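Each remark here refers to the structure printed beneath this line.
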Amino acid sequence: MIMTKPKIKKLDPVLILWQDTHTPSTPGWMTAQEHDEWSKQAGSKVVSIGFYISEDADFIHLVGDMDADECEQVSYLRPISIGKGFIKSITILKKH
């Protein structure tokens, strides 16, 4: 769980450190028992960087790209939703 969540505004660039507990899909990578133990030991840590879009009760939603030009309908690309329960830290990055 997030220790201290900063006050984030829409389109703030953020760096999120989170624990990935995905289920291995490659046969032979890990047994179910090994996966359970791996998850308990913190699994894989992931760093995601993106623009904050929104959040709900379970997820923080980021996008990797958006239109740079001012336009009526902004396009958001490369969305990612990160489970709040897996987030270790959030850092707001400096805007340019």
Side-chain angles (χ1 to χ4, degrees):
M1 190 62 151
I2 306 167
M3 299 308 271
T4 307
K5 181 178 165 258
K7 184 172 172 72
I8 310 169
K9 293 181 239 137
K10 186 171 183 174
L11 301 182
D12 276 349
V14 295
L15 180 148
I16 299 179
L17 174 64
W18 56 286
Q19 175 184 337
D20 184 7
T21 58
H22 66 278
T23 302
S25 59
T26 305
W29 184 63
M30 245 186 232
T31 66
Q33 183 178 356
E34 289 169 332
H35 180 263
D36 287 345
E37 187 60 32
W38 173 77
S39 294
K40 289 176 190 169
Q41 299 294 324
S44 294
K45 291 197 177 62
V46 178
V47 174
S48 295
I49 297 174
F51 296 100
Y52 174 84
I53 296 298
S54 65
E55 63 185 273
D56 55 39
D58 299 316
F59 294 94
I60 289 182
H61 308 287
L62 309 179
V63 295
D65 304 299
M66 63 184 177
D67 292 323
D69 298 319
E70 286 190 35
C71 50
E72 207 171 290
Q73 181 75 28
V74 177
S75 295
Y76 297 113
L77 306 166
R78 292 189 303 129
I80 182 172
S81 296
I82 301 170
K84 287 182 174 180
F86 299 111
I87 295 174
K88 302 298 181 192
S89 65
I90 299 175
T91 304
I92 299 173
L93 303 173
K94 193 181 214 180
K95 291 183 182 180
H96 286 282

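For the numbers below, each heavy atom of this structure counts, side chains included, while hydrogens, waters and symmetry mates do not. In this chain, residues are counted from 1 in sequence order. The structure presented is a predicted model; accordingly, all values stated were derived computationally and were not measured.
Atom OH of residue Y52 and atom CG of residue L11 lie 10.5 Å apart, to the nearest 0.5 angstrom. Atom CD1 of I90 sits about 12.5 Å away from atom CH2 of W18, to the nearest 0.5 Å. Here the CD1-CD1 distance, from I16 to I60, works out to 5.0 Å after rounding to the nearest 0.5 Å. If you take CZ on F86 and CG on D58, they are separated by 10.5 Å, rounding to the nearest 0.5 Å. Here the CD-CD1 distance, from E55 to I8, works out to 6.5 Å after rounding to the nearest 0.5 Å. For the atom pair CD1 of I87 and CD1 of I82, the computed distance is 5.5 Å after rounding to the nearest 0.5 Å.
Put simply, L15 and L62 are part of two different groups of oily side chains (I, L, V, M, F, W, Y) that touch within less than 4.5 Å, one to the next. I53 and F59 fall into different hydrophobic clusters, defined by Ile, Leu, Val, Met, Phe, Trp and Tyr side-chain heavy atoms under 4.5 Å apart, directly or through other members. When hydrophobic clusters are built by joining Ile, Leu, Val, Met, Phe, Trp and Tyr residues whose side-chain heavy atoms come closer than 4.5 Å, directly or via intermediates, L93 is grouped together with L17.
You'll find the side chain of K7 stays beyond 4.5 Å of the side chain of I92, heavy atoms only.
Taking each heavy atom of K94 and P13 in turn, the nearest pair found is O-CG, 4.2 Å.
Proximity of a side-chain donor or acceptor of D67 to a complementary backbone N or O of S75 within less than 3.5 Å is detected.
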